[in-house]
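Below is one structure, written out as structure tokens; comments come after it.
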Amino acid sequence: MPDNPQALPGQVFALPGQRLIALEGRDAAVFAQAQFMNDVKALADGHWQWSGWLTPKGRVVALFALLRLSEQQIWLAVPDADAGALAQALQRFVFRSKVAIELRENRVIEGRFGAPEQAAGAAIAGNADDSLEIDMNGEGGARALRIVPVAQAAAADAALAALWAQADLRHGLPRLPAAQAEQWTPQQLSLDRLRAYSVKKGCYPGQEIVARTHFLGKAKRGLALFAGPAPVEAGAEVRGESAALGTVAAIASDGATHLALAVLPLERAEGAAFIDGQPVQEIPLLDGLAR
């Protein structure tokens, strides 16, 4: 199986588990600005960014691509979290805001290895009534993510979906399973690489912790990517030759290549690393997913 997804044909395939949440109404953007960790107010209509929702203690509940279609229409493409539970949890904070939060079962999120047909950078292509496309290009090759009506959806392909998840990990996008939700701060997940959070916007849940860590320079841990000979589990311990180093936060395997994103000290001695007793090789993270 090739490491570089560019070698694959440009087949479109559904991404199982990825779901769409719509925030719509007069206060959609205002609500998103108050709840999410990136600066929605500074994002232009028709553009997207990485963002997420935090606990009051600054731990990541969910990561997602936030699409600002307009002031009154915000869509969240959620890759891993239970989108139904997330929508319900967000609903509890609506209060008097004029915004409806809905899990969109009539839309499917798809991937394609290959250059986007129209989208470029942070600009969204298409329209909400039909299909939307966003640019997921990075150093690992060209990719596009699409949001389409169910009637237009392509079939799922497990092998391509596995390669898609691996491409995410290679670019430092953590694909957090449920057990890893509410465990890590944005800095520990190196989300500055994706420009996924803001330390300058107004208050949002967890903002005080995020800003304090940033301005006091107290970020001690970040992501490292490892490849190993066999699959491992999220939550597994990463060990050096004589001591524990950190914890696996996200995994992706295509049956031949087994990747693990782990949270480790930013400053650590060089040397061999092991997960579940298996020697693993650290490999560089790729750039390019920041929008």
Side-chain angles (χ1 to χ4, degrees), residues 21 23 25-79 81 86 89-90 93-99 101 120-124 134-138 168 171-174 176 181-223 249 261 263 266-267 285-291:
I21 297 174
L23 283 64
R26 185 185 68 191
D27 297 330
V30 173
F31 179 86
Q33 177 75 356
Q35 290 296 321
F36 302 146
M37 64 183 181
N38 215 339
D39 195 343
V40 181
K41 184 177 180 180
L43 185 66
D45 290 351
H47 288 69
W48 74 280
Q49 61 185 195
W50 297 110
S51 192
W53 197 40
L54 307 180
T55 70
K57 294 184 178 181
R59 267 47 181 183
V60 176
V61 177
L63 295 169
F64 41 77
L66 184 150
L67 288 70
R68 178 173 171 144
L69 306 182
S70 70
E71 181 82 14
Q72 300 185 30
Q73 195 170 33
I74 305 289
W75 282 10
L76 312 178
V78 183
L86 178 60
L90 289 170
F93 295 90
V94 169
F95 302 118
R96 296 181 181 178
S97 298
K98 301 297 184 182
V99 57
I101 302 173
I124 303 165
I134 65 174
D135 180 1
M136 290 279 284
N137 287 341
D168 285 344
H171 289 90
L173 175 61
L176 297 177
E182 303 186 26
Q183 299 296 312
W184 309 106
T185 67
Q187 284 95 339
Q188 289 170 341
L189 293 177
S190 299
L191 294 180
D192 54 303
R193 299 182 72 257
L194 304 180
R195 300 176 189 167
Y197 64 90
S198 171
V199 296
K200 297 180 179 180
K201 63 175 277 189
C203 185
Y204 57 90
Q207 180 268 343
E208 182 179 355
I209 303 298
V210 172
R212 183 188 305 155
T213 301
H214 174 80
F215 289 112
L216 296 181
K218 290 186 176 181
K220 305 295 184 183
R221 292 186 287 174
L223 288 182
L261 269 180
V263 178
L266 295 174
E267 297 182 4
L285 289 169
L286 302 176
D287 289 324
L289 285 194
R291 296 293 177 242

Spacing of NZ belonging to Lys220 relative to OG1 belonging to Thr213, to within rounding of 0.5 Å: 10.5 Å
Interatomic spacing from CD in Gln33 to CD in Gln35 - rounded to 0.5 Å: 11.0 Å
Sequence neighbours excluded, every pair satisfying salt bridge (charged side-chain N to carboxylate O under 4.0 Å, His left out) that has a member inside residues 51-71: Asp45-Arg68, Arg68-Glu71
Non-hydrogen side-chain atoms of Leu261 and Leu189 separated by less than 4.5 Å: no
From Leu191 atom CG to Thr185 atom OG1, the distance as rounded to the nearest 0.5 Å: 8.5 Å
Residues Asp135 and Arg291 bridged, charged N to O under 4.0 Å: yes
Lys41 atom NZ, over 12 foreign heavy atoms within 6.0 Å: no
Heavy-atom closest contact (Ser198 atom, Tyr204 atom, distance): O-OH, 2.8 Å
Atom pair CG/CD of Leu266 and Gln188 - distance to nearest 0.5 Å: 9.5 Å
Minimum heavy-atom distance between Met37 and Lys201, given as atom pair plus value: O-CD, 4.1 Å
Phe31 vs Phe93 side-chain heavy atoms within contact, under 4.5 Å: yes
pair Arg193-Leu289: side-chain heavy atoms closer than 4.5 Å: no
Spacing of Leu69 atom CG and Ile74 atom CD1 [to the nearest 0.5 Å]: 7.0 Å
Residue from Leu23, Asn38, Leu43 passing side-chain contact (heavy atoms from CB on, under 4.5 Å) with Leu66: Leu43
Any Leu54 side-chain heavy atom under 4.5 Å of Tyr197 side chain: no
Val210 side chain reached by Gln187 side chain, heavy atoms, under 4.5 Å: yes
Residues in side-chain contact (heavy atoms from CB on, under 4.5 Å) contact with Ala81, at least two apart in sequence or another chain: Ala62, Val78
Heavy-atom check, side chain of Pro186 versus side chain of Val60, under 4.5 Å: yes
Of Trp48, Trp75, Phe36, the residue whose pairing with Phe64 passes ring pair (Phe, Tyr, Trp, His ring centres under 6.0 Å): Phe36
Between CG on residue Leu90 and CG on residue Leu76, distance to nearest 0.5 Å: 7.5 Å
Residue pairs fulfilling salt bridge (charged side-chain N to carboxylate O under 4.0 Å, His left out) with at least one residue in residues 206-217, sequence neighbours excluded: Glu208-Arg212
Min side-chain heavy-atom separation Leu223-Val263 under 4.5 Å: yes
